[in-house]
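First the structure, in the form of structure tokens, and then the observations on it.
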Protein chains: 2
Amino acid sequence: MDVTQEESARELLEVVPIVMRDIRSEMRSRRSAELTVPQFRTLAFVNRKEGPSLSEVADHMGLTPPSTCRLVDGLIARGMMTRQGHPTDRRRLRLIVTPRGAKILEISRSGTLACLAEKLNGVTAQDRGIIVKAMGVLRSVFAESQRKNRRKVRWCMSQ
Amino acid sequence: MDVTQEESARELLEVVPIVMRDIRSEMRSRRSAELTVPQFRTLAFVNRKEGPSLSEVADHMGLTPPSTCRLVDGLIARGMMTRQGHPTDRRRLRLIVTPRGAKILEISRSGTLACLAEKLNGVTAQDRGIIVKAMGVLRSVFAESQRKNRRKVRWCMSQ
DNA sequence: TATTGTTATACTCTATAACTATA
DNA sequence: TATAGTTATAGAGTATAACAATA
């Protein structure tokens, strides 16, 4: 099935927000873990990267530094990560996920995954394959554009 | 390619937030239209439905009545829709998109679509077909679960 | 008494502007 | 002077609780 850009863009704009709403409300309802989507993504990134700076997190999230700072603040306030000094550059910091943060991350991830997986139960294995394939394509398209956005933001900020 | 529920769920949880971030930031940067994603979705729904009640909007959006009320308030305050009385049931209201609202909706939709379409430029027509197919599957899965959520919310509220 | 919508309150997400400390 | 991070401020999204008006 060959499809125009416009057609696929229309579908994305219509369906992605619906799926997103569902993911968000599932995370919110998982009381034991209580992570929002941005918190979850931040925690997962810091956990994977082991000691990234704030800028690196902002870059990955596509957020401005102040927004990222607040996001991180919340996670630190709830004992899920800590700030540490950078060995050579004292302006920078290194973010580290605490054992408690790692545990919460795991609970949140597995719970949300289980919910999503259950919903995908009625979908054929082949259609699931199509979903995975589509996600791969989308990842390559949109992961790249994040960096661009980030640079633009930086540029706007300094005029 | 056959795929497990877990595998497809993992991909969704990883990629959907990234695409969503992009859609949101595109809408935000479109200064002439200045609609957030929920505002856009609300306006589009009300425009399509011609005169829905607040509850119907809440249902469609998967939001609680107070949240929906505020969302609608903002759109009304900016002259994009109006509240009208329901002919037979005086508790209800009918939401109507103003000509100005319809115009802004159109500007926002076409601008965001153009941006998304441009990003999908480097994708093959076949891969776009896969995206459209996947969106169709996801729509059927997640459009249904919204209603369930809504009922649960109502139920939670009244204990 | 149940339903529709609203107001009050509180939290998170996000931005821009202005600042501090370090390089 | 440029960079990393923070604080101040503000608007939007969202929830729960409490309420008013109508059925």
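This one's a predicted model, so the numbers in the text were calculated from it and none came from an experiment. Proteins get letters first, then strands, A, B, ... in listed order; numbering begins at 1 in each.
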**OP:** Verify, without hydrogens or angle tests, whether B/R128 (side chain) and B/V123 (backbone) share a donor-acceptor contact under 3.5 angstrom.
**Re:** yes
Original post:
Between the base of C/dA15 and the side chain of A/S67, is there any donor-acceptor pair under 3.5 Å?
Top reply: yes
Subject >> B/R21 side chain vs A/M61 backbone, donor-acceptor pair below 3.5 Å >> reply: yes
**OP:** Pick base, sugar-phosphate or nothing for A/T88, based on heavy-atom distances below 4.0 Å to the nucleic acid.
**Re:** sugar-phosphate
**OP:** Identify whether any heavy atom of A/T68 sits under 4.0 Å from a base atom; if not, whether one sits that close to sugar-phosphate; answer base, sugar-phosphate or nothing.
**Re:** nothing
Subject >> Side chain of B/P66 - closest among C/dA10, D/dA17, D/dT7 >> reply: D/dA17
Original post:
Just wondering, more than 12 heavy atoms not from A/E118 lying within 6.0 Å of its CD?
Top reply: no
Original post:
Just to confirm, is there a sub-4.0 Å distance from OP1 or OP2 of C/dC13 to any side-chain nitrogen or oxygen of A/T36?
Top reply: yes
**OP:** Spell out yes or no: do the side chain of A/S55 and the base of D/dA4 have one donor N/O and one acceptor N/O closer than 3.5 Å?
**Re:** no
Original post:
Rounded to the Å, how far apart are A/R41 CZ and C/dC13 C1'?
Top reply: 13 Å
Subject >> N/O (side chain, B/R91) to phosphate O (OP1/OP2, C/dT3) under 4.0 Å >> reply: no
Original post:
At under 4.0 Å, does any side-chain N or O of B/R92 touch on OP1 or OP2 of D/dT22?
Top reply: no
Original post:
D/dT14 base to A/R24 side chain: any donor-acceptor pair below 3.5 Å?
Top reply: no
Original post:
If you find the nucleotide of DNA chain C closest to A/P38 and the one closest to A/R90, which residue's nucleotide is nearer the 5' end?
Top reply: A/P38
**OP:** Could you tell me whether the phosphate oxygens of D/dA15, OP1 or OP2, come under 4.0 Å of any side-chain nitrogen or oxygen in B/T64?
**Re:** yes
Original post:
For D/dT6, does either OP1 or OP2 sit under 4.0 Å from a side-chain N or O belonging to A/R83?
Top reply: yes
Original post:
Testing A/R139, A/R48, A/R109, A/R41 for salt bridge (charged side-chain N to carboxylate O under 4.0 Å, His left out) with B/E14, which one passes?
Top reply: A/R139
Original post:
Can you check whether A/R21 has a side-chain N or O nearer than 4.0 Å to OP1 or OP2 of D/dT14?
Top reply: yes
